[in-house]
A.B. asks: 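Sharing a structure with you now.
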Amino acid sequence: MTAYAIAHLRRPTVNEDVLRYIEEIQATMDPFGGRFLVHGKEVEVVEGPFPGTVVVIGFPDIERARAWYASPAYQAILPLRTDHIPGEAFLVEGVPADYDASAKAAALRETAGL
């Protein structure tokens with residue numbers, strides 16, 4: 001199942017460290033099948049406040065996303081970003097192509113006794 005590494009970067013800035021991070025990140029993702037799905041795009045906010053920008057990286061599965069994040073290669077460059085751009089980052093597994101939100105709602109109703 002596809003998995004995603006998502007980052008909400010608040011107040012992104014450009015400096016030598018951040019540029020080096022951007023230049024080197026792809027090489028850390030390649031061994032794990034990672035690819036950018038969203039990177040460097042303006043966010044169109046339709047609900048609530050959302051300062052900053054978002055980055056989405058797709059991986060073939062959650063195990064490879066975890067392995068990439070924990071890899072020595074990525075950990076070596078991570079401070080180049082985190083020392084300069086505050087934000088949140090997380091890994092999340094996607095849903096299958098046949099996902100049905102109404103079936104999920106039915107299961108939640110049953111669990112909640114509603």
Side-chain angles (χ1 to χ4, degrees):
M1 180 100 41
T2 303
Y4 305 92
I6 301 173
H8 173 206
L9 305 178
R10 302 169 185 272
R11 299 182 317 276
T13 58
V14 176
N15 61 42
E16 276 302 316
D17 283 351
V18 170
L19 290 171
R20 187 170 145 223
Y21 173 86
I22 294 168
E23 291 166 348
E24 295 183 20
I25 189 172
Q26 186 66 52
T28 71
M29 295 166 20
D30 287 343
F32 304 97
R35 70 178 192 90
F36 281 104
L37 302 175
V38 178
H39 190 229
K41 299 295 182 180
E42 186 172 331
V43 174
E44 181 177 337
V45 179
V46 295
E47 290 185 29
F50 193 88
T53 190
V54 65
V55 175
V56 180
I57 303 169
F59 289 90
D61 52 54
I62 194 71
E63 291 79 15
R64 284 185 259 195
R66 288 179 184 137
W68 162 73
Y69 190 85
S71 71
Y74 184 65
Q75 289 298 307
I77 67 167
L78 183 57
L80 297 172
R81 178 181 57 79
T82 58
D83 286 352
H84 303 285
I85 302 175
E88 301 78 35
F90 53 93
L91 305 176
V92 62
E93 191 171 37
V95 297
D98 63 349
Y99 178 78
D100 180 355
S102 62
K104 178 68 172 182
L108 291 170
R109 281 184 182 281
E110 184 176 328
T111 300
L114 301 174

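All values below come from the heavy atoms of this structure, side chains included, with hydrogens, waters and symmetry mates left out. Model, not experiment: these values are computed from the prediction. For the single chain, residues carry numbers from 1 onward in sequence order.
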A.B. asks: Would you sort out whether F59 and F32 count as a ring-ring contact (aromatic ring centres under 6.0 Å, His included), showing the intermediate values?
C.D. replies: CA-CA 7 Å; F59 289 90; F32 304 97; 7.3 Å; no
A.B. asks: Do you know the tightest heavy-atom contact between V38 and V54?
C.D. replies: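 V38 and V54 have their closest heavy atoms at CG1-O, 3.7 Å.
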A.B. asks: Determine the minimum heavy-atom distance between H84 and D17, stating which atoms define it.
C.D. replies: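 Heavy atoms of H84 and D17 come nearest at NE2-OD2, 2.8 Å.
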A.B. asks: Nearest 0.5 Å please: distance from the NE2 atom of H39 over to the CD1 atom of I22.
C.D. replies: 5.0 Å
A.B. asks: Are the side chain of T111 and the backbone of L108 linked by a donor-acceptor contact shorter than 3.5 Å?
C.D. replies: no
A.B. asks: Would you name the heavy atoms of A70 and Q75 that are closest together and state the gap between them?
C.D. replies: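 Scanning both residues completely, I find the closest heavy atoms to be O-CG, 3.9 Å.
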A.B. asks: If we check side chain to side chain contact (heavy atoms under 4.5 Å, CB included) with I25, which of these qualifies: L80, I77, L78?
C.D. replies: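 Answer after filtering L80, I77, L78: I77.
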A.B. asks: Can you tell me how far the CZ atom of F36 sits from the CD atom of Q26, to the nearest 0.5 Å?
C.D. replies: 6.0 Å
A.B. asks: Output the distance between atom OG1 (T28) and atom CD1 (I57), rounded to the nearest 0.5 Å.
C.D. replies: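 T28 OG1 to I57 CD1: 7.5 Å, rounded to 0.5 Å.
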A.B. asks: State plainly whether one hydrophobic cluster holds both L19 and M29, where clusters connect Ile, Leu, Val, Met, Phe, Trp and Tyr through side-chain heavy atoms under 4.5 angstrom apart.
C.D. replies: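 Shared cluster, no.
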A.B. asks: Would you give the length of the straight line joining atom CD of E88 to atom CD1 of I6, rounded to the nearest 0.5 angstrom?
C.D. replies: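 Answer for the CD-CD1 pair, E88 versus I6, is 12.0 Å.
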A.B. asks: Can you tell me how far CG of L37 sits from OH of Y4, rounded to the nearest 0.5 angstrom?
C.D. replies: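 Y4 atom OH to L37 atom CG measures 6.5 Å (nearest 0.5 Å).
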A.B. asks: So which atom in L91 and which in I62 form the shortest heavy-atom distance, rounded to 0.1 Å?
C.D. replies: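 Nearest heavy atoms, L91 then I62: CB-CD1, 4.1 Å.
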A.B. asks: Hydrophobic clustering (ILVMFWY, side-chain heavy atoms < 4.5 Å, transitive) - are V56 and V43 grouped together?
C.D. replies: yes
A.B. asks: Please determine whether a side-chain nitrogen of the Lys or Arg among E24 and R20 lies less than 4.0 Å from a carboxylate oxygen of the Asp or Glu.
C.D. replies: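 The answer is yes: the pair qualifies as a salt bridge.
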A.B. asks: Minimum heavy-atom separation for A3 and A65, please, with both atom names.
C.D. replies: CB-CB, 4.3 Å
A.B. asks: Is there a donor-acceptor contact under 3.5 Å from the side chain of H8 to the main chain of P51?
C.D. replies: yes
A.B. asks: So, taking the atom named CG in D61 and the one named CZ in R66, what distance separates them when rounded to the nearest 0.5 Å?
C.D. replies: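 One finds 9.5 Å between CG of D61 and CZ of R66.
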